[in-house]
Amino acid sequence: MLLLKNGQILENGILVKKDILVDGKKILKIAENIEEKVDRVLDLAGKFVSPGFIDVHVHWREPGFEYKENIYHASRAAARGGFTTVMPMPNLNPVPDNYENLKLQLDIIERDSVIRAIPYGAITKGEQGREYAEFKELAKYVFAFSDDGRGVQNANMMYESMKVAAKLGKAIVAHCEDNSLIRGGCMHCGRRSRELGLPGIPSICESVQIARDVLLAEASGCHYHVCHVSTKESVRIVKEAKKDGIKVTCEVCPHHLISDEMDIPDNNGMWKMNPPLRSREDRKALIAGLLDGTIDIIATDHAPHATYEKELPMQKAAFGIVGSETAFSQLYTKFVKTGIFSLDFLVEVMTKRVADIFDLPFGTLEENGYADLVVIDLEKSLTINPDNFLSKGRNTPYVDEEIYGIPVLTLSEGKIAYKDEEVFDIKYL
Ligand code: DOR
């Protein structure tokens, strides 16, 4: 048993001092003062204890792209960011579009991951958008179905997939991008792309497909979850769909909340991601959408790449930035310390709300619940230095930014998945 003394947890939005007794994978007791004789006691000295974060959107790259990232490193990076449950996307090689392929990934997760990882199954074979993946044989093992990395172009395929997913009790989690509207773009089509003379991806490239899909979701009765919404039009469509009682939910990424096109300093591929950083107006709509509940949750889209794929001009670089290790701290610094979000709200959209919309038995601190938790030093700060990342991916545009609210200890099912050696210099941990 492990006793965590003198932590502070959120109760009805207020921080209160509590001790937490962990027995095996579960939390046995949460109380003001626990005086149990146990072999391991850790004094948290007033630090904040949150339920472990849940990230429904990560790219763990294995099997297939281990030169960018692997499960060993990605899981440790996620644990360092306070995540205890993540859902790896299926743009892998081989793509988990049948059980045999998925099994390769599940076996590596079992062997190498320090946190819980529940992978996606693909919607179409090889994510090629032509034939259906083996939904039935995958359903038992996967979190949901997604062709993330690309949009499903054919409306009928999306409709049929939704109908099958609904029958299997699974969500369709959609990367929305109409290929006919990409137009060779490498950043948002707007003021900054014009200033830099670069081809732009228009907002409608995303929103048009969301509009199609919410109607398909209505017709099929499927739970439809939109990945990384980035435009004000997307927020508007989701808001209307929710009003109409359609089963739609969506996520936003930290970078789309924190940055917009005008933050891109020059023609630099480190700032390239899909969807791209949009206009300031879009960013404001995303923040408002998250605050009013139109946008349900935050997900990172942690997308590691090799440095040589990112240290390139925009048109040549790969899409994507890493996020696992800095997501909470960046959001805490930009939105909680400035009073735009409460701490309670930020934690909610990274934990309980995620569990609620996907019906998962995680995301809260409670007796008999899983001991998935993260201890955060809200006063501690650090400067983002990719050389110190646990992820193999070093591709972040946020180098040298100062962040606060640093996770110092992460427990996943009662086991230590990450500890800050400077804070917890204890051998037996
Ligand atoms: O920026 C992105 N990177 N967006 C995606 O949709 C895919 C992802 C990746 O796999 O690198």
Side-chain angles (χ1 to χ4, degrees), residues 55-71 73-74 77-78 86-96 105 119-120 122-124 126-129 144-153 172-179 181-182 185-188 200-201 203 205-207 209-210 225-231 234 250-259 261 264 268-278 298-312 314-324 327 391-398:
D55 190 352
V56 299
H57 197 139
V58 296
H59 294 275
W60 274 14
R61 306 295 192 211
E62 196 179 8
F65 302 95
E66 294 82 354
Y67 74 95
K68 295 174 191 272
E69 178 70 295
N70 62 23
I71 289 171
H73 286 274
V86 304
M87 288 67 174
M89 283 296 179
N91 53 345
L92 302 168
N93 188 16
V95 169
Q105 190 188 355
Y120 283 89
I123 296 173
T124 68
E127 290 201 0
Q128 294 300 306
F145 295 101
S146 179
D147 265 5
D148 186 64
R150 49 186 77 168
V152 173
Q153 302 303 307
I172 290 283
V173 175
H175 170 119
C176 290
E177 187 172 22
D178 184 317
N179 288 353
L181 291 165
I182 300 174
C186 59
M187 63 184 291
H188 174 59
I201 308 167
S203 293
C205 181
E206 170 180 303
S207 52
Q209 203 162 79
I210 300 177
H225 177 83
V226 194
C227 293
H228 42 51
V229 293
S230 70
T231 78
S234 306
C250 66
E251 74 199 26
V252 64
C253 299
H255 45 273
H256 291 123
L257 293 170
I258 289 167
S259 308
E261 58 172 349
I264 300 174
N268 175 349
M270 277 297 172
W271 291 87
K272 184 176 178 181
M273 70 284 283
N274 191 16
L277 298 175
R278 302 281 186 189
I298 292 173
T300 66
D301 197 2
H302 174 77
H305 291 287
T307 303
Y308 70 84
E309 297 171 304
K310 292 297 288 179
E311 282 183 344
L312 291 168
M314 278 277 190
Q315 274 167 294
K316 296 211 165 126
F319 282 104
I321 64 170
V322 291
S324 294
S391 169
K392 283 180 84 172
R394 305 279 135 110
N395 47 305
T396 177
Y398 299 114

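We count ligands from 1, going down the list as the structure has it; atoms in each ligand are counted the same way.
- Under a 4.0 angstrom heavy-atom cut-off, Lys272 registers as lying outside contact with ligand 1.
- When the ring-ring contact (aromatic ring centres under 6.0 Å, His included) test is applied to His255, no partner is found at least two apart in sequence or on another chain.
- His256 is linked by a ring-ring contact (aromatic ring centres under 6.0 Å, His included) to nothing, counting only residues two or more places apart in sequence or in another chain.
- Under 4.0 angstrom from ligand 1, there are no non-hydrogen atoms of His57.
- Side-chain contact check for Asp148 and His57: at least one donor-acceptor pair (N or O, by modelled atom type) lies under 3.5 Å.
- Inclusion of Met273 in the set of residues having an N or O under 3.5 Å from an N or O of ligand 1 is not warranted.
- Neither side chain, Arg278 nor Thr231, offers a donor N or O lying under 3.5 Å from an acceptor on the other.
- Under 4.0 Å from ligand 1, not a single heavy atom of Ile321 appears.
- In terms of polar-atom proximity, Pro275 is not counted as a contact of ligand 1, lacking any N or O under 3.5 Å from an N or O of the ligand.
- If you look at His305 next to ligand 1, the close heavy atoms, those under 4.0 Å, all belong to the side chain.
- If you number the atoms of ligand 1 from 1 as listed, the ones under 4.0 Å from a heavy atom of Gly149 come out as 6 (O), 7 (C).
- Checking side-chain atoms of His305 against main-chain N and O of Phe319 turns up a donor-acceptor pair under 3.5 Å.
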